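Okay, handing you the structure first.
For the numbers below, each heavy atom of this structure counts, side chains included, while hydrogens, waters and symmetry mates do not. Here the structure is a predicted model, which means the values were calculated and not measured.
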Amino acid sequence: MATVEEGLTEVFRSRDPIDRLRIQVTLQEVTAGPSVNVDVDGDGILDGDPSTALVPTVAETKLIEWQQKLFSAPEIEKYRDLESCVTETEKRYHLEVVKHLATRAKASRLYTYVDDDDYSTLHEKRLPLTVDGVCSTSVLAEKMTALRKRKGYQSTAAALGTHPHLNDVVIAKPTARDKAKRLVDTPFQVMYIVADLSPPRTESDEHFLGAQHVLCTVKVDENGVITMSPSFNGPRPRYRINHAGTVWEYELTHASRDITPKEAADEALVLQEVYQRHAELCANRVGTQFNTLPDELAHDTVYHVFGEIVSAHAFEYDNLYVRLQVDLPPGWTLDASSAKAFVTQMSRVSSVGGSDDTAMFSYPFELAIREEGRAEPDPAAGDDGATASPSLVPKLLLQVSSLDFFERHRPEGYGYLPVPLFSGKHDTHVETWRPVGHHIVGKMHRYFLGGAPELQDATYTAIPHDHHDVVMNKQGFRTEAAGTVRVRTHILKQSHPDSAAAAARARQSKERKPQHAKLSEISNSTLDILAQFKKAHAKMQEQQV
C-alpha cells in the first residue's frame, strides 16, 4: 500500500452539525506518455522525464456524506448472505447490500469504512504509540489501545452481563461529564475513504480484489474539531499514488451544501431565541425587581449588613465561641426578619498562617437596619459614618468566651464594631479587653474555679447612647488586653430615589461651599498682610527720623 506525502493533515473547527459534511472524491488512473513517468524498478521513485505529462483516463467521482457506508467488493460478497451476518450492524448491512444488488449498479473502486465497522477498531490498534515505528508492541501498549474508544463510554451494566449475583448493584445513569472523566482522550468518530487500486479479475468482471489504499481519514470529536488527513486539495495539485507500476491521481473537494438565505434566517431566529431564553434565565436567577422603600419612608435609609465572624486570635484559653449582639441607638430600628443576637459554634485553636493560637469560625450573619432621615455620609470628605457620632451609630457588641473541660464558661474578651454607614466591603480586626479584679485572688479564682468578672450591661463595652461626648471617662475600671476578632462585612445601602438625589445635591453644595470660604479667607489674609506691612514701614520711618 502506497502512502501519500506527509504534512497534509489539517484541523478545522465547526459549530454546524457534522451531518452536513460532504466530500467529493475524484479518482483517475494516469497512463504513461512517450516518456514513462512511473516506478519501473520498484524503488518508490518515479522514473522517466518528469516534464513529460501523463495521459489521464476516465475519472470516477463520488459524493460521500458523513458516515455514509459504501461497500467494497469483498463486503458485498460477505453481506449478501444473511447466514454470515451475526450482529445487528451486519444485518443492517445485509439489507443495504440486497438493495444495492437489486439496482444492478456497477461496482466502484471507491468505498468507505465508517465508525461502526471493525476496520476502524483494527486500524487504531495498528497505530503506534510512539514516534518510533519499528518498536515492538508491549502488553501495556495493547491494553492502552482499549482506552482509545471512539464512542467513549460503555455501560457498566452491559459490561457485567446478566449475572444474577452482580445485577443487585444499582448503577446510576452517568451524565456527559461523568462519561468524559472516564476517558483518556476526547471521544471521537472516524470515517475512512478507501480506494481499491487492483486491476479487475477478468475483462467482464467488474469486481476488484487486491490492495486497498486509504485516500482520506476524517476524525470528528465531540467538541466540533474536525481532523482530516490528507486535507482538501484546494489550490494544491492532485494527490498521486504509485501502485504496482500504475499511477493514480485523486482529488478531495469540499462539497458541503451552502446554507440558503431562508435557512440562515431560521438559524438566526433560533439563536436569537436561545440567547433570549438564556438572558431570561439569568434574569430570573438574579431577579428582575427589587423591593423599594414605600413613599412614607422616603427619607429613611436601610443598611443591609452581610457579615462574617472569621476568626479569633491570641486569646488565653481554647474552645472559643463568640456572642454577637446588635446595639441600636435612638432613631434606628431592626428589621423583623433579622435576629438581634447571634452565637457562633465552638472552635478549637489551631495553626493558621504561621500562628498557633487562631480559632476559625467563618460564621455568617445578616442584618437589615433602618435609619430615620439621616443625611448620607461622604467617605471622600472623611465622613465614614462610624467615627463622626459614635453614640449615634449602630454597633456590633462582641463577647468572646471559652469552655473548659468541666463545662465552665469564662469571658475572654469584650469589644465592639461600629457598623460602617457607606456601602462596600470592610475587613476589620476588633481589639478586645476583659475586666480584671483588684488583686490576685481574682486571677486565682479564674484559673482554678473558672469564674471571672463579667459585664452586667453589654452596652458598657462601647459608649452608651445617653453619652453625647466623643470620649467617655472610665477611670477606675481595671481591664487587661485580650485577643482580636476578625469580622468581615459587606454593606448594601438602600434609599428612596428622591432622597438619594437630594443627598447628592446636598453633597455637591457642600463641596462648593468650602471653595468660596477658602477664597474669602485668602483675600482677608492678603489685606491683613498689606495693613501690617504699611504699619511696619511707617514705624521704621519714624525711627529713622
Please tabulate, for side-chain N and O atoms in residues 420-428, each donor-acceptor pair with protein atoms closer than 3.5 Å (sequence neighbours left out).
from: H426; atom 1: NE2; to: F422; atom 2: O; distance (Å): 3.3
from: D427; atom 1: OD1; to: R486; atom 2: NE; distance (Å): 3.1
from: D427; atom 1: OD2; to: R486; atom 2: NE; distance (Å): 3.3
from: D427; atom 1: OD2; to: R486; atom 2: NH2; distance (Å): 2.7

- Query: Does the ring center of Y93 lie less than 6.0 Å from the ring center of Y79?
  - Reply: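 Judged by ring-centre distance (under 6.0 Å), Y93 and Y79 do meet the cut-off.
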- Value rounded to 0.5 Å, distance of CD in E249 from CG in N233: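 Atom-to-atom, E249:CD and N233:CG are 10.0 Å apart.
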- Task: Check the pair R348 / N319 against side-chain hydrogen bond (donor to acceptor under 3.5 Å, both in side chains), numbers first and verdict last.
- Result: CA-CA 5 Å; R348 294 185 61 86; N319 298 331; 3.2 Å; yes
- Task: Could you tell me which non-hydrogen atom of M228 sits nearest to which non-hydrogen atom of C216, and how far apart they are?
- Result: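 Heavy atoms only, the tightest pair is CE-SG, 3.5 Å.
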- Query: Which pair of non-hydrogen atoms, one from V190 and one from Q67, has the smallest distance, and what is that distance?
  - Reply: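 Closest approach of V190 to Q67, heavy atoms only: O-NE2, 3.1 Å.
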- Looking only at heavy atoms, which two atoms of S84 and K78 are closest? And how far apart?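 It is OG-O, 2.7 Å.
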- Message: I'd like to check the salt bridge (charged side-chain N to carboxylate O under 4.0 Å, His left out) partners of E263; sequence neighbours left out, ordered by chain and number.
- Response: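 Expected list: R257.
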- Query: Given the rule in the salt bridge (Lys or Arg N to Asp or Glu O under 4.0 Å) test, do R92 and E88 qualify, once you have shown the distances and angles that lead to the verdict?
  - Reply: CA-CA 6 Å; R92 177 166 54 85; E88 294 296 330; over 6 Å; no
- Item | Atom pair CD (E280) and CZ (R277), whose distance is rounded to the nearest 0.5 Å |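 The CZ atom of R277 is 8.5 Å from CD of E280, to the nearest 0.5 Å.
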- Message: Quiz question: by atom type and distance under 3.5 Å, do the side chains of Y113 and Q212 form a donor-acceptor pair?
- Response: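 Q212 and Y113 do have a side-chain donor-acceptor pair below 3.5 Å.
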- Query: Got a donor-acceptor contact below 3.5 angstrom from the D266 side chain to the L269 backbone?
  - Reply: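 Here the side-chain-to-backbone pair does not exist.
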- Message: Under the criterion side-chain hydrogen bond (donor to acceptor under 3.5 Å, both in side chains), I'd like the reasoning laid out for H313 against T484: C-alpha separation, chi angles, the key distance, then a yes or no.
- Response: CA-CA 5 Å; H313 173 67; T484 58; 5.4 Å; no
- Task: Could you go through the ring-ring contact (aromatic ring centres under 6.0 Å, His included) check for Y111 and F71 one step at a time?
- Result: CA-CA 5 Å; Y111 55 95; F71 297 95; 9.8 Å; no
- Message: Are there over 12 heavy-atom neighbours, none belonging to Q345, within less than 6.0 Å of that residue's CD?
- Response: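 It does: Q345 CD has more than 12 such atoms within range.
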- Query: So, the side chain of N223 versus the backbone of V225: is there a donor-acceptor pair under 3.5 Å, distance only?
  - Reply: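 Not at all, since once roles are kept as given, no pair shorter than 3.5 Å links the two residues.
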- Quick one: does T112's side chain have a donor or acceptor within less than 3.5 Å of a partner on Q68's backbone?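 At least one qualifying donor-acceptor pair exists.
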- Interatomic distance, T103 atom OG1 to K99 atom NZ [nearest 0.5 angstrom]: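 Going from the OG1 atom of T103 to the NZ atom of K99 covers 11.0 Å.
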- Exam field: side chain E90 to backbone V86, donor-acceptor pair closer than 3.5 Å: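 Yes; judged by distance alone, with no hydrogens or angles, the pair exists.
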- Message: For the residue pair K493 and Y303, would you count it as a cation-pi contact if the rule is NZ or CZ under 6.0 angstrom from the ring centre and within 45 degrees of the ring axis?
- Response: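 Here K493 fails the 6.0 Å and 45° test against Y303.
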- Message: Let me confirm one number: the CG-CG distance from L367 to D335, rounded to the nearest 0.5 Å.
- Response: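 The distance works out to 10.0 Å.
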- What orientation do Y119 and Y192 show, parallel under 30°, tilted 30 to 60°, or perpendicular over 60°?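 Correct class here is perpendicular.
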- For the side chain of T344 and the backbone of V322, is there at least one donor-acceptor N/O pair under 3.5 Å apart?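 Present.
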- Task: Evaluate the criterion salt bridge (Lys or Arg N to Asp or Glu O under 4.0 Å) for residue pair E251 and K62; output intermediate values, then yes/no.
- Result: CA-CA 11 Å; E251 183 179 5; K62 282 285 186 179; over 6 Å; no
- Query: Under the 3.5 angstrom rule, does the side chain of E60 hit a backbone N or O of R109 as a donor-acceptor pair?
  - Reply: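 Yes.
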- Message: My understanding is that only residues two or more places apart in sequence, or in another chain, count here; which of them pass side chain to side chain contact (heavy atoms under 4.5 Å, CB included) with L63?
- Response: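 L63: side chain to side chain contact (heavy atoms under 4.5 Å, CB included) contacts with R22, Q24, A255.
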- Write down the atom of L70, the atom of E75, and the distance for their closest heavy-atom approach.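 Scanning both residues, the minimum pair turns out to be O-OE1, 4.0 Å.
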- Partner of I309 by side-chain contact (heavy atoms from CB on, under 4.5 Å), out of Y321, F342, F365: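 For I309, the side-chain contact (heavy atoms from CB on, under 4.5 Å) check succeeds only for F365.
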- Item | Polar side-chain atom of Y250 near backbone of L215 as donor-acceptor pair, under 3.5 Å |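 Present.
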- Could you tell me which non-hydrogen atom of A359 sits nearest to which non-hydrogen atom of L320, and how far apart they are?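 Nearest pair, atom of A359 first, then L320: CB-CD1, 4.2 Å.
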- Message: So which atom in F188 and which in D115 form the shortest heavy-atom distance, rounded to 0.1 Å?
- Response: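 Residues F188 and D115, closest heavy atoms: O-OD1, 4.4 Å.
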